[in-house]
Amino acid sequence: MSQNTSNSRLDLSDSGSFLPSNLFQPKPSIFNRKKKSANIQQLFLRRNGLISLKPYGKTLYQFKDTLTELSLRENHFVEIPGEISCLINLTSLSLASNRITHIDQPLLSKLKHLQWLNLSGNQLVDMPEDIGQCKDLCGIDLDNNRFGHFPVVLFLIPAIEIILMQRNSIKTMSDHHYFPDSLTTLNLSFNQLNHIPACLIVRPPYAITHLHLSGNKLRQLPDNFLSVGYTKLVSLDLHTCQLECVQPSIFIQLSKCRDLRRLNLAINRLGSIPAEIGLVKHLQWLNLNDNLLTSLPETLSELTHLVKLGLVQNRFEMLPPFMFMHMFELQKLDIRRNQLKYFPPSILSLSPKHEIHTSIEASVPHTVFPTLSNPATCPMDDTHKINKNCIDDHPYGGSLRTFMYCENNRLEYVDGILCDLGYNINNPESVQILSLSDVYKILNNTSSSNQRSQLRSALFPLTRGLEAKSVLQCNSPLFKRNDNPTLGNRPPSPVVRVDPPVEEEGSQQSMDTETQRLMTDVPPLKEVSIRNHLTSLNQTILKETGYQVVNTRLDQNHKKFRQFLTIAFPDDVVPDEILSAGLNDARQCDMCQIWYTESPLQIGYLTKICNNRFEVPIRFNICSIDCSVNCLIKLHQSTTEWQSRQTLAHIDPLVSAATPITIRARPVNRRTEPSSTSEGAAEDYHPHNGFTSIHDISSDSCGSIETDHVSWGYFGEGKLPPLSKIIKTRMKKFATTLYIYQDTHNKENEGEVASAVIPATRHITSPTRPRRSYALPLLTLTTRTEDGRIFTESIEPRLRLTDPTSNPIGFHHLPRDAIRLERF
């Protein structure tokens, strides 16, 4: 082993019986008596089976002026060795995972500069009083010892910042002592406390940021908890405390903690969460795993800064419809082991925009239901003004990376038009009337003018003298999937209608009859009056506030929603029956935004989220049968348009030799394009000659193609190009999809900056038009003209980092210094 004076770290861990008494330091002789000793500042003697430091006393004395860190963890010491008392400059000492039962006095008091002390994993029952003389002590780790009472001397250390005393047997704490204001981290997890100590209620430490009381049988939280102090609280951990409820006052007090980022209420007995949780708006990490929750408050959607949300192993059957509407920063969602039948449509807002534009299952519902899955504008503030800086106006969409939902065995992968039959035990809760595959077959073979009548004939066959098809139960095994949520290994898609299992004739007939009755029933007068009243009042309020935006909904904002209903239903004017129905059941249609209170109709859809890996069922609430028909037609149109755009974007001339392809000439390798559209500006070119036609095909919204020239070119003779040309052509094709230059150096646009982006969904336009529009600027290429020269620049979009950590999914339960103390 070589050691020079410049090396300040000496690690002799795991040396065992080979550890010499001089610790491999050079012995003094007549030749090196005046030579300075090694400048050792850090000494590690871990896992050496040491029981004493007497053989190394002289060597340690040589380090008395330089040694600042000493780690003796995982040895066999039964007491703190007295040889360390000479290390007057020692700042960090670790004797963790030994067999120490007591500490002699005065030993620690001699270490005047001691700042960090780790005595975890020993058998201590008390602390010596002289530790209070360590005026510079910042952190102490007494984890996993045998303390039955919290040592009073720890209250007397003036500069203490971190106290870690988890996994002891502490039952009581002094009511007459208080922590110093410098304390930032207190971990009392997994002790035997049955109530929150008075020192944490009456006068908590001013600087406290991390408070951990998990694993104690608290059962309930006092109303005055958090009422004093805790203005700098960052993390509150209360898991495994046998809590049966959390009072609304707790969340009201937490809302005043502007720095709160982490709240852990997992593994308790909570049956409900109060609506006041929506006040804790700065929360980033929320854990509600392993409780008895059956529902969540609608105000949970106001936690717009959530990055990680845990809802594992509860009893959820459904989630609030707008729960994920504004959670654009949510990166991890874990909702395994529940009883969900479907997900709310707002889960679509969690997907980044580039994922939406690459999947038809994710893109189509965003187009048909823009207000539910991707709100276009910001809600109003208290002064009825539009908030320009609202998080809804997010250029990147959602941020979801990890989605876990397996072991929801009641999920129903059903699509199409659905009817809720109620909760009668003799009937299923909902049935499928018509699947999307059947709808698309009907609409594909029908002209646009007859689509509505054909769909109504399929929904009401008896009125047209046709044979009626039996409805399918949504809880049928036909609509179940295996427990594996991935798309690679699953049964055939449930959207394909197959023969249903044999049912009793009377039961099936009763379901069909009940479904037809619900679909043909005329809404009662009460329902009609509520619809007209709320819809007209909604339009009036939007006009008066100046918030006249297309597809605006008031029921997405819980606060504004309640204010609107209060105005619409005054207590002294509206009858009690209408008042009850309006306040409890009023909502807006997901399709047309009309207010209603009663409707059994839903539209089921199977969408993809989380990088298009997982297929999940969602359902949209619809107000009437006419609105359902309009919704199905629009779904079909959007699906057709999306498929047409993708077909045009992926035309491959190499495999389409027998199909005439419209090609507008535009040399990819040139920096300029013809400024006019004269006859000489457009010629017939082939991809393998250095030109491309993918981005020059003009398409309208219905997918029709405008043709100028038809070129059979190289493929007219029925020959195929060599493999090298195929590879070269496809590489050029791939390059053109990444980098597309826009001509901006003509006289009209001189000095302006134009951009071209990596497109996910292309809106293809004709070359005669001056600009192209693409979605999702992942990487922007700009060209500008200066003094007749063309300059090209690339601009990457700014990255979003969530304060206070760059990786909020890995949010540590303790601050960095406390973690270092545990590992030292």
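Not measured: the values here are computed from a predicted model.
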Test item: side-chain donor near acceptor, Ser359 and Glu361, under 3.5 Å: yes
Could you work out, with side chain to side chain donor-acceptor pair (under 3.5 Å) as the rule, every residue matching Thr535, not counting sequence neighbours? none
Measure from the side-chain N and O atoms of Asn268 to the backbone N and O of Leu265, and report whether any donor-acceptor pair falls under 3.5 Å. yes
Residues at least two apart in sequence or cross-chain that pass side chain to side chain donor-acceptor pair (under 3.5 Å) with Asn338, listed by chain then number, are none
Steps toward side chain to side chain contact (heavy atoms under 4.5 Å, CB included) verdict (Val431, Leu418): CA-CA 6 Å; Val431 295; Leu418 314 177; over 6 Å; no
Which atom pair, heavy atoms only, marks the closest approach of Tyr596 to Gln588? CE2-C, 3.8 Å
Aromatic ring proximity Phe620/Phe369, centre distance under 6.0 Å: yes
Backbone N or O of Val312 within a donor-acceptor pair of the Asn289 side chain at under 3.5 Å? yes
With sequence neighbours excluded, residues passing salt bridge (charged side-chain N to carboxylate O under 4.0 Å, His left out) with Glu298: none
Which pairs with one or both residues in residues 630-640 pass salt bridge (charged side-chain N to carboxylate O under 4.0 Å, His left out), sequence neighbours excluded? none
Do Phe343 and Ile335 have side chains that get closer than 4.5 Å, going by heavy atoms? yes
Is it true that a side-chain atom of Gln247 and a backbone atom of Leu221 form a donor plus acceptor pair closer than 3.5 Å? yes
Residues at least two apart in sequence or cross-chain that pass side chain to side chain donor-acceptor pair (under 3.5 Å) with Arg269, listed by chain then number, are none
Report the residues that fulfil side chain to side chain donor-acceptor pair (under 3.5 Å) with Arg410, sequence neighbours left out, ordered by chain and then residue number. none
One thing to verify: whether Glu355 and Arg613 come together as a salt bridge, which I'm taking to mean a side-chain N less than 4.0 angstrom from a carboxylate O. no
Minimum side-chain heavy-atom gap Leu459-Val629 below 4.5 Å: yes
Min side-chain heavy-atom separation Asn287-Leu263 under 4.5 Å: no
Shortest non-hydrogen contact from Ser476 toward Lys480: O-CG, 3.6 Å
Side chains of Asn314 and Arg337: do they bring a donor and an acceptor to under 3.5 Å? no
Ser447-Asn450 side chain donor-acceptor pair, cut-off 3.5 Å: yes
Is it true that Arg452 and Asp626 make a salt bridge, defined as a side-chain N closer than 4.0 Å to a carboxylate O? no
Going by the angle between their ring planes, with limits at 30° and 60°, are Phe403 and Phe614 parallel, tilted or perpendicular? tilted
Of Ile347, Leu350, Asn611, the residue whose pairing with Leu400 passes side chain to side chain contact (heavy atoms under 4.5 Å, CB included): Leu350
Of all heavy-atom pairs linking Ser599 and Ser624, the shortest is OG-N, 4.2 Å
Other residues, nucleotides, ligands: >12 heavy atoms within 6.0 Å of Lys281 NZ: yes
Ignoring hydrogens and angles, state whether a donor on the side chain of Arg336 or Tyr405 is under 3.5 Å from an acceptor on the partner side chain. no
